[in-house]
Engineer: 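Right, I'll just put the structure down here and ask away after.
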Amino acid sequence: MTWPRALRDVLRSGLSIEETRLEPLLALRAAVGVALLVGPALWLGSPAYAASAALGAFSAGGATFQRAWRPRKVIALGAGAGLALSTLAGYLAAGHLVTFLPLLALWTFVAGLAWAVGSTAGIVAATTVGSMLVTITLPTSAGRALEHAGIIALGGVVQAVLILLFPIRRWGAHRDALADALAAVADYARRLRHDPTAGFDPEPLMTARDAAAVTPSQARTRPVALHGPRGVAERMVPAIAALADPDIGAPAEGPGRDRARELLDAAAEVLDAAARSIRRGTPVEVPPRASELLREGTEHEVLEGPARQAAERLRELLGEALEIAECGNARRRTPVRHGGARVELLERPTMFRLVPVVARAVRRELRRDSPVFRHAVRLVAVATLGYLIAAQLPLGHGYWAPIASVMVMRPDFHRTYARAVARLAGTLVGVALATGALEALGPDARLFGALAVVSAGLSYTLIRTGYAYSQCFAAAYVVFLLGMGGQEWEQTVPERMALTLLGGALAMLAYAVFPAWETPRLRERLADWLAANGRHAAAVLRHFAEPTADRRADMRSAQVASRRARAAWQEAYDRAQQEPVRPRGLTAQEAKAAQEALEGFDRAATLMESRVPHDDNPSAPEVEALAEALESDTEQAAAAMREHRDPDWARVEKALQTWERAGGRSPALRSEADLQKHALENLATAVSRTPLERDVGSLREDQRVREAVEAQGDGSEPAHRGG
């Protein structure tokens, strides 16, 4: 993608409206938290104290809207504590540039590394940098600085207390994640009715798995409906895929295919009903036809062989999903049991036990090619440079420039540029609206305080609709706070506009100078996904060879690792599509073909997984050699891909020939193994090129770039998209 087109995409993305459900009650509760601190601080203290109170309550309230699975009150308390600590540390070092600048650099570097833990931690950490820059201008002594830090921390406490006293959809995010997973499986079943070989995107199941991990205290209060459906959905995907597959499941045409479509449609309706029940906490309402199909016997079943087994397995799992959803409406706190075994509990570390986990995550990112490390370096550069430049300008409130930079920067190109555009646009509109109100209403500190609270509530309401729209009211909120403090808008508004523009420009320039492009890393991400897929396929085959509880656990762990590698590839591929960088290592066409090949390889493993034997059932030791060959060849092929060499599947071909001579007992399993071999051959075709083909491919990519630039110069769209 060329720079002009990338910038057009950035502009469109930054100003787009995201279609998401608004949560006005959550916004109202957070705005009340701001009002409970701003009002008394303004009444009993001074505008400076009110500003500190507003900063703490507003930032802590905003942190609770980030996507996280920990209780919101814990996030609010953590954000308040971080803001207070940064405020106090900043003031103690603010007396001299030689002490404050190193502290600012260190703090922003740590805030950048916080992205190693997750987006919520990274965003909250960036907010603490802003707190350090703003509040050092308010107190006049160390004692006053401690008071301001206490008031800011109190903002987090107030938000946490409100969350405790007025819980609103306490487990709402967890319910939504689980319901989305069930709905995704329902959508997969519907797509298989028309495309029997359609792929399944496991991202909703991965999100549901993250949501299912709870701390011991959360496990004691988690609703019953959130205990089991995720596992049912995980086991249902292979059964649905096996039923629809024309090679090992229902026949491609005839009564068997009609029956498979009927069962898939019924499965989708049942899963949608269970998803609605879990999302809303209401009784399950299953359409009568779907219920009838679940109750039907198997004496008149037209499906045969593996297809019949898949249909019976699907009926069993659908009944289990309905049972769990119905149990969720009862007032019970103990986990339900299915099949005589307690549902798996995924443990999330407590805040204290999280420290070594965070340390390991950060240590893994301390390398030059890490996007998180490069993000931290960029943060340090723009925060310190912005602070120094703004200090030399004949403008007040110089901290707005580094704050704008820190708040818009993200570890990837597209989001950084899109947020810079959105922040500038939102600030322009918000400042204009608030300035007009200030001019019309005249000086009234209490009225401006009330308008600041209203602006905060509107910012919370739109926080998931789009950054530009939320930032519009956040900017108005700041203007009203300044007006509450008696500052003249004729001075503050132009300063805010100029410094916001400076901060956004620094953020965009920093990424252009010191980027972390995903395009050159695509081949490495693809290799990681291949190796993880190979381990998963080998684990499934080993379970056939020796069906034990340990082998089943290994299969599950390998599946989770494979899905994570796929998610990492997909994220890198999506980012690369938005980067103004020439393809290096993999062209866009090669990347797409390789992705389709690995999806086919993963689908074959999923089909195998649908028929894994129960523990201690008769085994198939002849597949052990194939498992070893698959794992070995995919590991070596992954290493070859990283070194730009062609992959080789000699061991897999030899193992399949040996299996064929030995006369394997499972034709369906052999058919699935052939599907895997075919997928690996397609992958080799996608990524293997002779030296001449590599030169020609590079020349073709150069030609595409030139054509794109010429087409854009003429005002037309390019015929092809590179990278």
Side-chain angles (χ1 to χ4, degrees), residues 23 26-42 44-45 48-91 107 110-111 114 117-136 138-139 144-168 170 173 215 217 350-352 354-355 358 403 406-407 449 452-453 456-457 459-460 463 474 477-478 481:
E23 296 179 306
L26 294 178
L28 177 61
R29 184 180 63 191
V32 168
V34 176
L36 288 177
L37 277 176
V38 172
L42 189 60
L44 301 174
Y49 281 112
S52 293
L55 174 65
F58 181 75
S59 300
T64 63
F65 284 86
Q66 302 302 322
R67 185 70 177 269
W69 307 117
R70 293 189 182 276
R72 287 193 175 104
K73 56 181 178 292
V74 175
I75 298 174
L77 289 172
L83 292 166
L85 183 60
S86 67
T87 297
L88 185 59
Y91 180 79
W107 200 279
V110 174
V117 183
S119 59
T120 299
I123 293 170
V124 172
T127 306
T128 65
V129 177
S131 173
M132 173 184 290
L133 290 165
V134 172
T135 52
I136 59 172
L138 297 176
R144 289 292 179 86
L146 189 59
E147 292 176 6
H148 281 269
I151 293 174
I152 290 174
L154 184 61
V157 173
V158 169
Q159 294 286 9
V161 170
L162 287 176
I163 293 170
L164 182 64
L165 295 178
F166 303 102
I168 301 171
R170 183 184 176 191
T215 61
S217 61
T350 61
M351 296 302 291
F352 292 107
L354 192 63
V355 174
V358 171
I403 287 177
V406 170
M407 295 306 295
V453 172
S459 179
Y460 290 142
I463 199 168
Y477 167 79
V478 173
L481 284 182

Engineer: Report the C-alpha separation of V74 and M351 in whole Å, then their side-chain angles, then the decisive distance to 0.1 Å, and conclude whether the side chain to side chain contact (heavy atoms under 4.5 Å, CB included) test is met.
Structural biologist: CA-CA 9 Å; V74 175; M351 296 302 291; 3.9 Å; yes

Engineer: Once rounded to the nearest 0.5 Å, what's the spacing between atom CZ of R70 and atom CD1 of I75?
Structural biologist: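 Reported value, rounded in 0.5 Å steps: 8.5 Å.
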
Engineer: Could you give the distance from CG (L162) to OG1 (T64), rounded to the nearest 0.5 Å?
Structural biologist: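 Atom-to-atom, L162:CG and T64:OG1 are 10.5 Å apart.
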
Engineer: Quick check: does any side chain N or O of T127 sit under 3.5 Å from a backbone N or O of I123, one acting as donor and the other as acceptor?
Structural biologist: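 Yes; at least one donor-acceptor contact below 3.5 Å.
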
Engineer: Which atom pair, heavy atoms only, marks the closest approach of A121 to A114?
Structural biologist: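 For A121 versus A114, the nearest heavy atoms are CB-O, 3.6 Å.
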
Engineer: Looking only at heavy atoms, which two atoms of Y460 and F58 are closest? And how far apart?
Structural biologist: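 In terms of heavy atoms, the two residues are closest at OH-O, 2.7 Å.
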
Engineer: What residues form a side-chain hydrogen bond (donor to acceptor under 3.5 Å, both in side chains) with T215, not counting sequence neighbours?
Structural biologist: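 Listed in chain order: S217, Q218.
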
Engineer: Once you round to the nearest 0.5 Å, how far does OG1 of T87 lie from NE2 of H148?
Structural biologist: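 Result: 9.5 Å between the selected atoms.
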
Engineer: Taking side chain as C-beta onward, heavy atoms only, is S59 less than 4.5 Å from L55?
Structural biologist: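 They are in side-chain contact.
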
Engineer: Go through K73 and Q159 one step at a time and tell me if the side chain to side chain contact (heavy atoms under 4.5 Å, CB included) criterion holds.
Structural biologist: CA-CA 7 Å; K73 56 181 178 292; Q159 294 286 9; over 6 Å; no

Engineer: For W107 and S86, does a side-chain donor sit closer than 3.5 Å to a side-chain acceptor?
Structural biologist: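 The answer is no; no qualifying pair exists.
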
Engineer: So do T128 and L85 actually touch side chain to side chain, heavy atoms under 4.5 Å?
Structural biologist: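 Side chain of L85 against side chain of T128, heavy atoms only: no contact under 4.5 Å found.
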
Engineer: For a quick test of reading the model, state the closest non-hydrogen atom pair linking G457 to A27 and the distance between them.
Structural biologist: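 Looks like O-CB, 3.7 Å.
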
Engineer: For R72 and L26, which heavy atoms make the closest approach, and how far apart are they?
Structural biologist: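 That closest heavy-atom pairing would be NH2-CD1, 3.7 Å.
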
